[in-house]
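Report on the following structure.
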Protein chains: 2
Amino acid sequence: MPTRKDVAQRAGVSEATVSYALSGKRTISQATRERVFEAMRELDYRPNLMAQALAGGSSSIIALLFPSQERGISNADLEYVLGAASAARELGYHLLLWPTEDRDVSDVASLFQAGLIGGVLLMEVRMKDERLRTLGKAGVPVGLIGRTGAKSDAAIAADRDFQAAMLKATQYLVGLGHTRIGYLSGPQRNIDLKLGAPVRAENGFRSALEATGTTGAVVYCESTIEAGREALGRLSADAPGCTALICLNVEATIGLMQEAIEQGVHIPEDLSIVSIGTPEDFASATTPAITTISSPAEQIGRTAARLLIRSIAGLELPPEQQLWVGELAVRASSGPAPLP
Amino acid sequence: MPTRKDVAQRAGVSEATVSYALSGKRTISQATRERVFEAMRELDYRPNLMAQALAGGSSSIIALLFPSQERGISNADLEYVLGAASAARELGYHLLLWPTEDRDVSDVASLFQAGLIGGVLLMEVRMKDERLRTLGKAGVPVGLIGRTGAKSDAAIAADRDFQAAMLKATQYLVGLGHTRIGYLSGPQRNIDLKLGAPVRAENGFRSALEATGTTGAVVYCESTIEAGREALGRLSADAPGCTALICLNVEATIGLMQEAIEQGVHIPEDLSIVSIGTPEDFASATTPAITTISSPAEQIGRTAARLLIRSIAGLELPPEQQLWVGELAVRASSGPAPLP
DNA sequence: ATGAAAGCGCTAACAT
DNA sequence: ATGTTAGCGCTTTCAT
């Protein structure tokens, strides 16, 4: 394996020059630069990243704390991960996957202290997230996939814009003549846990109703097909008169749709369904295909990684918190409100 | 951040002694060892992994090449990844996620040459996998999640044992009185690509039929719900008289079951279904819940990582190729063959 | 059983 | 514009 020394010799320059040619941290004459790169090419030289990290005090690796919990791993989670990994790669960084069952971040802090990683990406962020304190104390740069409730945490973050997504969905439905809209949420438990997504989604739903002068109701439901079936009954009991339903809960949505079909509730003639964040391939595979506000998961993963890396590298940052809405993709599950 | 030097001073020994106390690569008196560890604890010392890698010429990081392709990311894929990541962690290693759309491995080879990673884990292994040559030439240690067709590749590998799984499924069905069994495969295309899984699964199915003296037929099908619905017709057309179906294709299975129910084909009274490798939570969420041979994906990920790491670390290796079958979990989708 | 010291490949002052 | 050189924190040979 050739080292910087070999390159320097071959190009007839000093080792420092090779370094600077690579990093661009000081001006180099066009001629020398070319000779250096030429030499690198001839030798098929690869800078040793470990040495770079050691000497430079940096590390081109960021860790992604992945919640490998009971909650069940959704595909959206994978999209976050892949988005973050590709973004990292494009910036010359690398993504270390760190599965963890609990919310203990002391071992990632160790990784940072061990010089292995330059920062951490967090998923499943809660409105009030105790992990930020631990990591902050250890001086670990943090990027959030999601965000906390406190503006003051002011961490780097990329998140879904539920407010906007809910409004988009609601306005679409209102435009179709619906005046009473249900919202199929995840289990109540997740709200109690103060998970960011369900909390914000519910708030978003409420604001959207208000903004459009519509009425509606929330139905909580476990994320299983069976629970979704059962939720249909509760919907008509607790929120009679709904002609449209906004869903965040894929499994439950499927169950609910199955049950509806079996009970002779026609979709979309009797009930329109708009799902927020369901992966496209899935949404178009069901019968009827589901109208969605697309999932910006990959974008969010990308953005969070990019922001974190920029901040680590000391580059200028774009606005530190970025929100993503997703696009409305109209499919077969939604249509005009039934005539009264 | 305390360094080894600080620890040495505090313990009143040389830096070398601290190193050896940590690595155990030479004998140290009980007394000194204790003083050293005591000092490390007091200082909250963390060895710098980058320096370790640089000086030691190793690297405690392995990369996992993740196929982020069109084929659609299944949850099983995630299980491989998480299994590998946890196994790595337990052995003091780390998992770098390297998403890639094509089969180009030159950039991982570079990562190896750059000293960042000590080896690579490959997914979506084909019967004849050209990537092994490239990586072999570059001297990169490789572990396979899956395996090639050639015994000579003799790489480190952990894979599903389709032969055994098919036999298990078939014997179970034969025990229920079924004598004609269908197999719902993925698309023909995947066979042509010589992907390991579909090829071996089909072979396994054929051997299982032979071993149990049963007849049957293969139905190819795209991995979508819609295609699955359509496959039901082909099943009865191309393979009339089948009273049981073995499936490898989750989406198609769902579609086929939906269609069956709608057409009045009762499951399991008229048609028994056994799915191989469907995640448990999913299998038990459908109606009827699906009998499965469970997916050993996480085990396979774990094993592949463990084998690779052992080989990198120069430890004794267990048998280099390990196969995993999965357990039969009987649910509602299978039952006695209908009386003729 | 322990120490001293020469690197591992690179970065970043400090020189010129 | 380029070169010299002292580290970064650790491993490992060679001594003792």
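The chains referred to below are lettered A, B, ... by the order of the sequence lines, with proteins before strands, and numbering in each begins at 1.
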Whole Å only: how far is the [atom1] atom of [X] from the [atom2] atom of [N]?
X	N	atom1	atom2	result
B/Arg35	C/dA1	CZ	C1'	12 Å
A/Gln113	D/dC8	CD	P	19 Å
A/Leu49	D/dG9	CG	P	19 Å
A/Lys5	D/dG3	NZ	C1'	15 Å
B/Leu22	D/dC10	CG	C1'	10 Å
A/Arg33	D/dG3	CZ	P	14 Å
B/Arg26	D/dC14	CZ	P	13 Å
A/Asn48	D/dC10	CG	C1'	14 Å

Worksheet entry | N or O in side chain of B/Ser14 less than 4.0 angstrom from C/dA4 OP1/OP2 | no
If you only use heavy atoms from C-beta on, which nucleotide in [options] is closest to the side chain of [X]?
X	options	value
A/Ala55	C/dA12, D/dT2, C/dC10	C/dC10
A/Ser19	C/dC10, D/dC10, C/dT2	C/dC10
B/Pro47	D/dC10, C/dC10, D/dG3	D/dC10
B/Tyr20	D/dT13, C/dA12, C/dC10	D/dT13
A/Thr27	C/dC10, D/dT12, D/dA1	D/dA1
A/Ser29	D/dG3, C/dA4, D/dA1	D/dA1
A/Leu54	D/dT12, C/dC10, C/dG9	C/dG9
B/Thr3	D/dG3, D/dT12, D/dG9	D/dG9
A/Thr32	C/dC10, D/dT2, C/dA12	D/dT2
A/Lys25	D/dT12, C/dA12, C/dC8	C/dA12

Item to complete: Indicate, with a heavy-atom threshold strictly under 4.0 Å, whether A/Val18 touches base, sugar-phosphate, or nothing.
Response: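 Nothing, no nucleic acid heavy atom in range.
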Practice prompt. For B/Gly56 and for B/Val13, locate the closest nucleotide of DNA chain C by heavy-atom distance; then report the residue assigned to the nucleotide nearer the 5' terminus.
Written response: B/Val13
Item to complete: Starting at CZ of B/Arg200, measure out to CG of B/Leu323 and round the result to the nearest 0.5 Å.
Response: 8.5 Å
Worksheet item: Which value, rounded to the nearest 0.5 Å, describes the distance between B/Ile156 atom CD1 and B/Leu122 atom CG?
Response: 12.0 Å
Discussion item. Minimum heavy-atom separation for A/Trp324 and A/Pro296, please, with both atom names.
Written reply: CB-CB, 3.6 Å
Worksheet entry | Which atom of A/Asp44 lies closest to which atom of A/Arg46, heavy atoms considered |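 Answer, listing the atom of A/Asp44 first, then A/Arg46: OD1-NH2, 2.8 Å.
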Fill in: Sidechain N-carboxylate O distance under 4.0 Å for A/Arg302, A/Glu90
yes
Discussion item. Quick check: do A/Arg35 and A/Val13 have side-chain heavy atoms less than 4.5 Å from each other?
Written reply: yes
